[in-house]
Trainee: 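Have a look at this one before I ask anything.
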Amino acid sequence: MTTTQPSPRQLLRREITGTLGLIASAADFAAMRRYRTFPFDDHTTYLRQAEDLLCSRAAQGRTTSVVLFDPDEFARFCAQEGRDPDTADSRARYTAEAAALGPCLLHEGEPLPELLQSLLAESLRQATWEYATDLLEDLGACPRCSTPLAHHAQNQAGHLLRAVLDTTAPGHHQLVCSLTTAGRTLLAALHADTRTAGEAFIDHEESVDFTVLLACALALPAPAGLVMRSRVEGQPEEVRGWRLRAGRAQPLTAAEVFDAYCTDAVTGEPVAPEPGVEYRAGTPLDDDHGRSPCH
């Protein structure tokens, strides 16, 4: 039996990675249907075909990156570039631009819903970081020493984070910082593993995102809080919390932590407490920890 060897062009094609611009929501899909050349008419079918394509390419050993396709950003891109939005070429150009500038994940064989969840989470993380960074830059400079107030806030946030982690027992801890401003709530999470007192192992990227939002929460006159969930071997899971106000972390009482965790944030209705979780008061922290001498 004669075996046909792949041509150089076929071999080269295997070396080329592909990028898929995925329309995640039904609303965004409906917005794209206004374009005559958009070839799909059902979002569920579209997602199923997208997953089939990803699996097929993976089975062939071909690499595919996935980026969210945003119809509003696409329209702005076409207007800025003077391109006709009702063409497949414009959609492809926008997808390449979005992959270069925004969140883009490599498909590694996981189901499409799992990939979409990761992509949406990464998109939200980046948007939160960008918005929080803009908020810090808008603070301006210290009137006494002319140092950017963003620098002071981030320095204080770093000190506060270390102070909180210094209170932990060896184990796994998840910290969540929340800030509500301009009608939107921003969240950032940080996972830390502590083995000995004063020694914490954290992800650098998570730490950068978390510290930026924590700095905003300390610097802005807006509702903000910090919650730490701890899992320590041989002990019940614990939740502690602090209110962030005027550059300080004020410990919440156990009742306030319970209310925060056991109330639906949207409806305000009570939510049953989690089994095996103990709600405790936040540990008192040094109010002047890391504060600038200018303040």
Trainee: Rounded at 0.5 Å granularity, tell me how far OG in S25 sits from CG in L120.
Mentor: 9.0 Å

Trainee: Is there a side-chain contact between F210 and H191 (heavy atoms, below 4.5 Å)?
Mentor: no

Trainee: Under the rule for salt bridge (Lys or Arg N to Asp or Glu O under 4.0 Å), what residues qualify as partners of E206, not counting sequence neighbours?
Mentor: none

Trainee: From T45 OG1 over to F29 CZ, what is the distance, rounded to the nearest 0.5 angstrom?
Mentor: 8.0 Å

Trainee: With a 3.5 Å distance limit and no angle check, can you tell me whether D86 reaches the backbone of R36 through a side-chain donor-acceptor pair?
Mentor: yes

Trainee: Do the side chains of D89 and R83 get nearer than 4.5 Å, heavy atoms only?
Mentor: yes

Trainee: Between H107, E108, R57, which is the residue that forms a side chain to side chain donor-acceptor pair (under 3.5 Å) with T64?
Mentor: R57

Trainee: Kindly indicate, with the supporting measurements, whether the criterion side-chain contact (heavy atoms from CB on, under 4.5 Å) is fulfilled by V277 and Y261.
Mentor: CA-CA 11 Å; V277 176; Y261 255 78; over 6 Å; no

Trainee: Taking C-beta and beyond as the side chain, do L190 and S207 meet within less than 4.5 Å on heavy atoms?
Mentor: yes

Trainee: Before giving the answer on side-chain contact (heavy atoms from CB on, under 4.5 Å), spell out for M228 and T167 the whole-Å C-alpha distance, their side-chain angles and the decisive distance to 0.1 Å.
Mentor: CA-CA 11 Å; M228 181 169 66; T167 69; 4.2 Å; yes

Trainee: I'd like to know if the side chain of R280 reaches the main chain of V239, judged simply by a donor and an acceptor atom lying under 3.5 Å from each other, with no hydrogens or angles considered.
Mentor: no

Trainee: What distance do D209 atom CG and E205 atom CD have between them, rounded to the nearest 0.5 Å?
Mentor: 5.5 Å

Trainee: Would you call the rings of Y35 and F74 parallel, tilted or perpendicular, where under 30° means parallel and over 60° means perpendicular?
Mentor: perpendicular

Trainee: Going only through I, L, V, M, F, W and Y residues with side-chain contacts under 4.5 Å, is there a path from I202 to L214?
Mentor: yes

Trainee: Hydrophobic clustering (ILVMFWY, side-chain heavy atoms < 4.5 Å, transitive) - are F69 and F77 grouped together?
Mentor: yes

Trainee: Within a radius of less than 6.0 Å around CZ of R34, do more than 12 heavy atoms belonging to other residues, nucleotides or ligands occur?
Mentor: yes

Trainee: Ignoring hydrogens and angles, tell me if any N or O in the side chain of S178 forms a donor-acceptor pair with the backbone of A224 under 3.5 Å.
Mentor: no

Trainee: Could you check whether atom CZ of R93 has more than 12 heavy atoms from other residues, nucleotides or ligands sitting under 6.0 Å from it?
Mentor: no

Trainee: What closest approach, in Å, do A157 and A215 show between heavy atoms, and which atom pair accounts for it?
Mentor: CB-N, 3.6 Å

Trainee: If you look at every heavy atom in P273 and F258, which pair is closest and at what distance?
Mentor: CB-CE1, 3.8 Å

Trainee: For the pair E73 and Y94, evaluate side-chain contact (heavy atoms from CB on, under 4.5 Å) and give the outcome as yes or no after the intermediate values.
Mentor: CA-CA 9 Å; E73 291 296 328; Y94 167 74; 3.3 Å; yes

Trainee: Following the transitive rule for hydrophobic clusters with a side-chain heavy-atom cut-off under 4.5 Å over Ile, Leu, Val, Met, Phe, Trp and Tyr, establish whether L252 and L161 coincide in one cluster.
Mentor: no

Trainee: Looking at every non-hydrogen atom in both residues, tell me the closest pair between P251 and G282 and how far apart they are.
Mentor: CB-O, 3.2 Å

Trainee: Do E278 side-chain atoms and P236 backbone N/O form a donor-acceptor pair below 3.5 Å?
Mentor: no

Trainee: Please give me the minimum heavy-atom distance between L112 and L47, naming the atom from each residue.
Mentor: CD2-O, 3.2 Å

Trainee: Identify the heavy atoms of L119 and P103 that sit nearest to each other, and give their distance.
Mentor: CD1-O, 4.0 Å

Trainee: Hey, are R91 and T37 close enough side-chain-wise for a donor-acceptor pair under 3.5 Å?
Mentor: yes

Trainee: Quick one, L53 and Q49 - any side-chain contact, counting heavy atoms below 4.5 Å?
Mentor: no

Trainee: Residues in ring-ring contact (aromatic ring centres under 6.0 Å, His included) with Y131, at least two apart?
Mentor: none

Trainee: Would you check if D134 and E137 make a side-chain contact, meaning some heavy-atom pair closer than 4.5 Å?
Mentor: yes

Trainee: Decide yes or no for V164 and W242: does some side-chain heavy atom of the first lie under 4.5 Å from some side-chain heavy atom of the second?
Mentor: yes

Trainee: Is a side-chain donor or acceptor of S118 paired with a backbone partner of E114 at a separation under 3.5 angstrom?
Mentor: yes

Trainee: Taking side chain as C-beta onward, heavy atoms only, is L115 less than 4.5 Å from L22?
Mentor: no

Trainee: Is there a side-chain contact between R243 and E256 (heavy atoms, below 4.5 Å)?
Mentor: yes

Trainee: State the CG-CG distance between L105 and L68, to the nearest 0.5 angstrom.
Mentor: 8.5 Å

Trainee: Would L175 end up clustered with V227 when hydrophobic side chains under 4.5 Å apart are linked, directly or stepwise?
Mentor: no

Trainee: Counting heavy atoms not belonging to H172, are there more than 12 under 6.0 Å from its NE2?
Mentor: yes

Trainee: Give me the atom names and distance for the closest heavy-atom approach of P170 to V232.
Mentor: O-CG1, 3.4 Å

Trainee: So with a 6.0 Å cut-off around CD of Q117, is the heavy-atom count from everything else above 12?
Mentor: no

Trainee: Between M32 and Y46, is the side-chain contact (heavy atoms from CB on, under 4.5 Å) condition met? List the steps.
Mentor: CA-CA 12 Å; M32 289 302 296; Y46 161 83; over 6 Å; no

Trainee: Determine, stepwise, if the pair R125 / E122 fulfils salt bridge (Lys or Arg N to Asp or Glu O under 4.0 Å).
Mentor: CA-CA 5 Å; R125 182 204 65 78; E122 177 61 19; 2.8 Å; yes

Trainee: Roughly how far, to the nearest 0.5 Å, is the SG atom of C216 from the CG atom of L135?
Mentor: 5.0 Å

Trainee: For residues F38 and L20: do they belong to one hydrophobic cluster (side chain heavy atoms under 4.5 Å, members Ile, Leu, Val, Met, Phe, Trp, Tyr)?
Mentor: yes

Trainee: In Å, rounded to the nearest 0.5 Å, how long is the span from NE2 of H173 to CG of L165?
Mentor: 7.5 Å

